[in-house]
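Ligands are counted one by one from 1 in listed order, and the atoms in each one are counted from 1 as well.
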Amino acid sequence: MIKNNTDILIYSCPSFKQSRVNNKISNNFKKIYKNNWIINFSKNKKVFVVTYGCQANYRDSEKVVGIFLYAGFKLTDSEKDADIVFVNTCAVREKAEKKVFSYLERLKNKIIIFSGCMAMEEKIVKKIIDKKMSINIVISINNIGKIFFLLKQHIITKKNIVDVNSNFFNVNDERLPNNFNFSNFKAFVNVNYGCDKLCTYCIVPYTRGPEIDRNFKDIIDECRKLADLNYQEIVLIGQNVSSYGIKHDTTFAKLLDEVAKLKIPRIYFLTCHPYDFSLDIIRIMKKHKNILPYLHLPIQSGDDNILKLMGRKYNSQYYLKLVDNIRKIFPDIVLSTDIIIGFPTETDKEFKNTLKIVQQIKFDNIFMFIFSKRHGTPAYNMVDNVSDAVKKNRFQILDSWYMKIIEEKNKKYLNNIYDVLVDGISKKNKNTLEGRLITNKIVHFFGKKSMIGKIIKVKITETHPFFLFGEVFSK
Ligand code: SAH
Ligand code: SF4
Ligand code: F3S
């Protein structure tokens with residue numbers, strides 16, 4: 001039903017309630033809307049796609065690009081040349097949202113399409129409508145097959161349009177043009193979509209809906225295609241890859257085993273949840289040389305009371321025991337984690353329990369986040385009684401503890417030679433290249449552009465907390 005808000009056409013709006021109902025209805029697009037109008041319209045039109053957020057968004061953007069190319073649009077890597085700017089947004093923290101809005105303010109004279117996780121938020125879409133923001137189309141990523149229909153409506157009626165569908169189904173329909181456009185040597189492959197863990201602070205289960213596994217064979221076929229195309233690295237992605245298969249009598253370990261047999265030089269996966277993490281995954285990692293010895297296992301807090309309030313379904317003892325068992329099977333495994341600082345009611349004592357566990361486990365990498373209130377999540381209504389100053393102070397304390405650990409740990413790299421997959425030109429210094437060790441550590445070095453996308457040997461000559469410096473090694 002179309003609601004006419006004078007100059008906005010509203011087809012549908014997001015609903016957090018609907019987003020948690022796994023009703024496989026509303027398959028809005030069996031095929032992409034494409035007709036003579038769009039074929040004519042797309043001629044000489046250029047599209048610029050901006051991506052915020054995680055690997056899931058990166059992969060969605062890649063699919064969006066595939067759809068625009070299919071209709072005859074050209075891509076551009078400069079927004080200045082673009083007729084259409086497609087903004088794929090992230091909602092995980094307030095900071096991510098602010099970034100998107102400040103970017104939108106700078107865009108002038110473009111058709112703006114707003115999608116991704118912020119487009120799934122009730123409050124954000126209401127704001128866009130109420131403030132009559134100059135965003136031309138708000139569309140959920142699971143409606144993407146309708147994009148050209150909506151574009152036509154917008155051009156004909158000159159009205160802005162909102163069409164966000166919170167009924168999730170197989171969001172990344174296998175029938176979409178499914179190219180890997182962003183890199184010819186590294187690919188993200190979807191394993192499962194959405195999340196059922198419902199951690200109390202997190203918006204992802206509402207913006208991406210219930211956990212839906214992708215078909216086992218479809219995943220393997222896609223990986224095989226990438227292997228045939230000589231891809232050097234595959235990252236298997238999902239909010240919780242570790243719970244893959246539980247509903248369908250298979251497991252992530254089995255999937256990983258099959259993917260590894262395809263002989264792609266490097267495979268890793270993101271992200272696992274400690275609650276349903278099986279040690280079989282570690283056994284499979286140990287079995288195959290081409291699976292990186294790298295595991296990201298978010299702990300979020302080292303305090304049992306806070307873990308309970310977060311709804312994480314495990315306590316600190318459980319996590320410690322799990323890491324212990326993982327290291328028994330795979331002693332050299334590289335372990336990274338996520339930690340949230342300043343969760344509502346977190347006391348100094350509770351924060352110290354996080355410091356304690358960080359000291360005990362000695363993670364190889366920690367991604368730290370200050371708690372951010374997300375509208376619609378249970379933690380939104382908790383008393384956020386930790387002041388900003390205390391949050392910042394705790395952040396700095398954890399940061400310096402971790403820095404000491406990492407400096408010590410990085411020493412082992414010095415003067416050794418490693419296989420490095422060269423990702424590209426370094427973002428910090430245009431004269432150097434950037435690549436990653438099998439432990440996912442970033443290394444900078446001088447080298448030729450022709451090395452990009454290849455695995456080469458690099459000798460480490462300097463260590464810094466967040467990266468290493470090295471030189472190309474030739475015998
Ligand atoms: N599914 C993944 C990734 C979730 S988002 C996982 O569970 O690991 C990535 C990280 O963002 C989370 O691990 C968490 O540490 C952080 N995060 C999520 N919501 C947040 C919030 N409201 N405030 C601060 N950090 C948050
Ligand atoms: Fe969010 Fe928790 Fe799901 Fe991760 S596991 S996406 S933190 S709800
Ligand atoms: Fe952000 Fe959505 Fe990913 S909120 S972290 S882009 S799942």
Side-chain angles (χ1 to χ4, degrees), residues 14 16 19-20 50-61 87-97 99-100 114-121 124 140-142 168 171-172 188 190-212 236-244 269-277 295-302 306-307 309-314 319 335-344 346 354 363 365-382 384 386 391 394-395 398:
F16 278 2
S19 74
R20 294 305 309 160
V50 199
T51 311
Y52 294 89
C54 64
Q55 301 78 15
N57 264 18
Y58 175 99
R59 182 67 188 120
D60 284 349
S61 284
V87 192
N88 195 1
T89 62
C90 171
V92 78
R93 282 170 291 273
E94 202 184 355
K95 214 165 145 192
E97 291 191 349
K99 248 186 184 171
V100 172
F114 184 92
S115 191
C117 287
M118 280 172 79
M120 308 309 289
E121 283 184 274
I124 294 288
S140 47
I141 210 82
N142 60 352
F168 287 83
V171 273
N172 289 262
F188 291 105
N190 295 109
V191 165
N192 47 14
Y193 310 105
C195 182
D196 284 343
K197 292 290 184 289
L198 294 155
C199 304
T200 56
Y201 51 82
C202 185
I203 200 158
V204 172
Y206 309 94
T207 63
R208 288 199 169 261
E211 191 174 292
I212 301 172
L236 299 169
I237 60 166
Q239 294 305 332
N240 285 303
V241 292
S242 43
S243 50
Y244 177 79
F269 48 91
L270 293 167
T271 301
C272 290
H273 193 293
Y275 173 74
D276 44 30
F277 189 84
L295 179 67
H296 184 62
L297 197 62
I299 183 167
Q300 312 298 1
S301 166
I306 294 295
L307 284 170
L309 288 175
M310 286 176 163
R312 288 291 288 180
K313 305 178 207 266
Y314 56 84
Y319 191 93
L335 203 61
S336 67
T337 202
D338 290 347
I339 291 176
I340 296 178
I341 291 153
F343 189 80
E346 185 189 63
T354 297
F363 292 103
N365 202 356
I366 304 178
F367 300 92
M368 290 180 264
F369 309 103
I370 287 182
F371 170 72
S372 172
K373 241 181 172 190
R374 303 285 66 211
H375 186 260
T377 63
Y380 186 83
N381 299 317
M382 293 181 189
D384 187 5
V386 188
K391 282 178 187 163
R394 285 183 191 162
F395 188 95
L398 179 59

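- With ligand atoms numbered from 1 in the order given, ligand 3 contributes 2 (Fe), 7 (S) to contacts under 4.0 Å with heavy atoms of R208.
- For ligand 1, the 4.0 Å heavy-atom shell takes in V92, R93, Y201, Q239, T271, P298, Q300, D338, I340, F369, I370, F371, S372, R374, ordered by chain and residue number.
- Atoms CD and NE2, from E211 and H273 in turn, are 10.5 Å apart once rounded to the nearest 0.5 Å.
- Distances below 4.0 Å separate heavy atoms of H273 from the following atoms of ligand 2: 5 (S).
- Listed by atom number, the atoms of ligand 3 under 4.0 Å from N57 heavy atoms are 6 (S).
- The contact set between ligand 2 and V204, taken as ligand atoms under 4.0 Å from a residue heavy atom, comprises 6 (S).
- Note that CZ of R394 is 14.5 Å distant from CE of M368, once rounded to the nearest 0.5 Å.
- Proximity of R208 to N57: side-chain heavy atoms (C-beta onward) are separated by under 4.5 Å at one or more points.
- When side chains are defined from C-beta on, D384 counts as touching K391, because their heavy atoms get closer than 4.5 Å.
- Per-residue contacts place L198 under 4.0 angstrom from the following atoms of ligand 2 (heavy atoms of the residue considered): 8 (S).
- Neither the backbone nor the side chain of P298 comes within 4.0 Å of ligand 2, counting heavy atoms alone.
- By the 4.5 Å heavy-atom criterion applied to side chains, Y201 and M382 are not counted as neighbours.
- In summary, the atoms of ligand 2 found under 4.0 Å from a heavy atom of P205, numbered by their order in the structure, are 8 (S).
- The local environment of NZ in K373 is crowded, with over 12 non-hydrogen atoms from other residues, nucleotides or ligands closer than 6.0 Å.
- Distances below 4.0 Å separate heavy atoms of C90 from the following atoms of ligand 3: 1 (Fe), 4 (S), 5 (S), 6 (S).
- Considering only heavy atoms from C-beta on, F369 stays 4.5 Å or farther from V92 through its side chain.
- Which parts of ligand 2 touch K197 is read off a 4.0 Å heavy-atom cut-off, strictly below it: atoms 3 (Fe), 5 (S).
- Under a 4.0 angstrom heavy-atom cut-off, Q239 registers as being in contact with ligand 3.
- For atom 3 (Fe) of ligand 3, the set of nearby N, O or S atoms under 2.8 Å includes one belonging to C54.
- Heavy-atom contacts of C195 reach the following atoms of ligand 2: 3 (Fe), 5 (S), 6 (S), 8 (S) (cutoff under 4.0 Å).
- Proximity of Y58 to I237: side-chain heavy atoms (C-beta onward) are nowhere separated by under 4.5 Å.
- Under a 4.0 Å heavy-atom criterion, A91 is in contact with ligand 3.
- C272 and P298 get closest at one heavy-atom pair: O-CD, 3.2 Å.
- A heavy-atom distance below 4.5 Å is not found between the side chains of Q55 and N190.
- The CD atom of Q239 lies 11.0 Å from the NZ atom of K197; values are rounded to the nearest 0.5 Å.
- None of the N, O or S atoms belonging to C199 lies under 2.8 Å away from atom 1 (Fe) of ligand 2.
- Using a 4.0 Å threshold on non-hydrogen atoms, atom 4 (Fe) of ligand 2 does not count as touching the protein.
- Aromatic ring pairs are classed by plane angle as parallel below 30°, tilted from 30° to 60° and perpendicular above 60°; the pair F363 and Y319 is tilted.
- Using a 4.0 Å cut-off to heavy atoms of Q239, the atoms of ligand 2 that qualify are 6 (S).
- The residue A56 has no part lying near ligand 3, judged by heavy-atom distances below 4.0 Å.
- Ranking protein heavy atoms by distance to atom 7 (S) of ligand 2, first place goes to Y201 OH, 3.3 Å.
- Scanning all heavy atoms of the two residues, the minimum distance from I299 to L307 falls at O-CD2, 3.4 Å.
- For atom 1 (Fe) of ligand 2, the closest non-hydrogen atom of the protein is C202 SG, 2.3 Å.
- H296 and N365 share no side-chain donor-acceptor pair at under 3.5 Å.
- Atom numbering of ligand 3 starts at 1 in the shown order; those under 4.0 Å from a heavy atom of C117 are 2 (Fe), 4 (S), 6 (S), 7 (S).
- With a 4.5 Å cut-off on side-chain heavy atoms, D276 and Y314 do not count as touching.
- Under a 4.0 Å heavy-atom criterion, R208 is not in contact with ligand 2.
- The side-chain heavy atoms of F16 and I203, taken from C-beta on, include a pair separated by under 4.5 Å.
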